[in-house]
Engineer: 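Please see the structure below; I have some questions.
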Amino acid sequence: MKIKMLYLIGSLILFSGLLWMMLPHVAHVTVLNEEEDPTDHFYHIIQGVVLVPIGLGLMIYSNKKEKKKILDKNKKTKII
């Protein structure tokens, strides 16, 4: 169950990173309630690029753990 929760968290981080990176500049200004600055969009892209590998890393890690868990379970139940 913990592995599935880790996968869910990773997918949410990945989604939020992609969303934050791809939002139009007007949406960033609206969400953050700040004045418009041309460099802000670049910083938001960088913030999204940082979140994406974190989310992917969590998802890959949970997939590897799940695969190992399944293989171990199959080895234990295998009759020789």
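Position 1 is the first residue of the sequence; numbering continues from there. Below, all heavy atoms of this structure are taken into account, side chains as well, without hydrogens, waters or symmetry copies.
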Engineer: Please, which pairs that meet side-chain hydrogen bond (donor to acceptor under 3.5 Å, both in side chains) have at least one residue in residues 53-66, sequence neighbours excluded?
Structural biologist: none
Engineer: Apply side chain to side chain contact (heavy atoms under 4.5 Å, CB included) to Leu12 and list each qualifying residue two or more places apart in sequence or on a separate chain.
Structural biologist: Leu8
Engineer: Is there a path of hydrophobic side-chain contacts, each under 4.5 Å between heavy atoms of I/L/V/M/F/W/Y residues, joining Ile70 to Tyr7?
Structural biologist: no
Engineer: Show me, pair by pair, the donor-acceptor contacts under 3.5 angstrom made by side chains of residues 52-60, not counting sequence neighbours?
Structural biologist:
none

Engineer: Can you sort out the partners of Gln47 under side chain to side chain donor-acceptor pair (under 3.5 Å), two or more places apart, ordered by chain and number?
Structural biologist: Trp20
Engineer: What heavy-atom pair brings Leu51 and Ser16 nearest, and what distance separates the two atoms?
Structural biologist: CD1-OG, 4.3 Å
Engineer: State the CE-CD1 distance between Met21 and Ile46, to the nearest 0.5 angstrom.
Structural biologist: 9.5 Å
